Amino acid sequence: MDSSFFDDVFAVVRLIPKGRVTSYGAIARYLGTGKSARLVGWAMNASHSTDPTIPAHRVLNRNGMLTGKHHFGSPDTMQKLLEAEGVEVVDDQVQDFKARYWDPNEELQL
DNA sequence: ACGCTGACTATTA
DNA sequence: CTAATAGCCAGCG
């Protein structure tokens, strides 16, 4: 398979449990990109090109803010999806973000 | 081939 | 405490 940075990002995002969220930096660090969290978010841009759509709505910034909500079909889609999974979102921010934070480095126990 | 942009993060003022 | 700047990697024109 093409060991593309995108594929790795998609793989991790797909591993995110329902009702959990993670940050771009966490994924970036897990992939080894480390300081390039932008690439992760940017890779999400291709999430709509994948076969199973990538749950990009589970990926937020370090503050738990729905920074990329505007990149979905509608700016309300992201929040709607999160709420559908049991994640409280207020003012484009995830409540109890720390409790719902899912770190691949921790959960996957690299 | 060069330069710009981008769904971020961390540091400094 | 908040605001602004620098660093980063990869695709696209």
Side-chain angles (χ1 to χ4, degrees):
Chain A
M1 297 296 282
D2 307 280
S3 305
S4 299
F5 172 79
F6 285 58
D7 292 325
D8 289 339
V9 174
F10 300 148
V12 176
V13 175
R14 271 189 247 174
L15 291 171
I16 301 173
K18 185 179 174 189
R20 293 274 195 271
V21 290
T22 187
S23 60
Y24 303 97
I27 298 171
R29 197 157 82 174
Y30 175 73
L31 298 178
T33 40
K35 298 163 185 181
S36 302
R38 299 186 186 183
L39 287 312
V40 180
W42 188 51
M44 295 281 93
N45 251 318
S47 62
H48 68 92
S49 294
T50 59
D51 194 320
T53 314
I54 305 296
H57 60 273
R58 293 182 186 154
V59 187
L60 320 167
N61 70 345
R62 205 46 179 120
N63 276 315
M65 192 176 192
L66 284 60
T67 46
K69 70 165 194 173
H70 218 264
H71 284 251
F72 284 78
S74 289
D76 294 316
T77 303
M78 191 173 190
Q79 180 174 332
K80 198 171 187 171
L81 289 166
L82 287 168
E83 290 186 310
E85 305 210 336
V87 180
E88 293 181 87
V89 180
V90 180
D91 192 36
D92 300 335
Q93 272 186 148
V94 175
Q95 306 305 292
D96 275 322
F97 173 65
K98 192 166 103 183
R100 301 186 180 286
Y101 186 66
W102 181 85
D103 192 328
N105 299 287
E106 296 289 304
E107 302 303 312
L108 301 181
Q109 294 191 353
L110 177 58

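Values in this document were obtained by computation on a predicted structure and should not be read as measured data. When reading the values below, keep in mind they use all heavy atoms of this one structure, side chains included, and skip hydrogens, waters and symmetry mates. To find a chain, count down the sequence lines: A is the first, B the second, and so on, and within it residues start at 1.
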* Mind calculating the distance between CG (Asn63(A)) and P (dA10(B)) to the nearest angstrom? => 10 Å
* Asked: Atom CG of Leu39(A) and atom P of dC12(C): how far apart are they, to the nearest Å?
  -> 13 Å
* Atom-to-atom span, NE2 of His71(A) to P of dA7(B) - whole angstrom -> 4 Å
* Spacing of Met44(A) atom CE relative to dT5(B) atom P, expressed in whole Å -> 23 Å
* Would you indicate what Thr33(A) reaches in the nucleic acid, counting non-hydrogen atoms under 4.0 angstrom: base, sugar-phosphate, or nothing? => nothing
* **Atom pair CG (Leu82(A)) and CG (Leu66(A)), whose distance is rounded to the nearest 0.5 Å** => 5.5 Å
* For Ala56(A), which contact category applies under a 4.0 Å heavy-atom criterion: base, sugar-phosphate, or nothing? -> base
* Asked: Is the backbone of Asn63(A) close enough, under 3.5 Å, to the side chain of Asn61(A) for a donor and an acceptor to pair up by distance?
  -> yes
* Structure fact -> Taken to the nearest whole Å, CG/Asn61(A) to C1'/dT9(B) is 10 Å
* **His70(A) (side chain) donor-acceptor with Thr67(A) (main chain) under 3.5 angstrom** => no
* Structure fact -> Whole-Å distance, Phe6(A) CZ to dA7(B) C1', equals 12 Å
* Proximity to the side chain of Ser36(A) - top-ranked nucleotide from dT9(B), dC9(C), dA7(B) -> dC9(C)
* **Gap between atoms CZ and C1', on Arg29(A) and dC9(C) respectively (whole Å)** => 17 Å
* **Protein-nucleotide distance (Asp8(A), atom CG; dA10(C), atom P), rounded to Å** => 12 Å
* Asked: With respect to the side chain of Arg62(A), which nucleotide from dT9(B), dA10(C), dA7(B) is positioned closest?
  -> dT9(B)
* **Cation over ring face, Arg62(A) and Tyr101(A), 6.0 Å, 45°** => yes
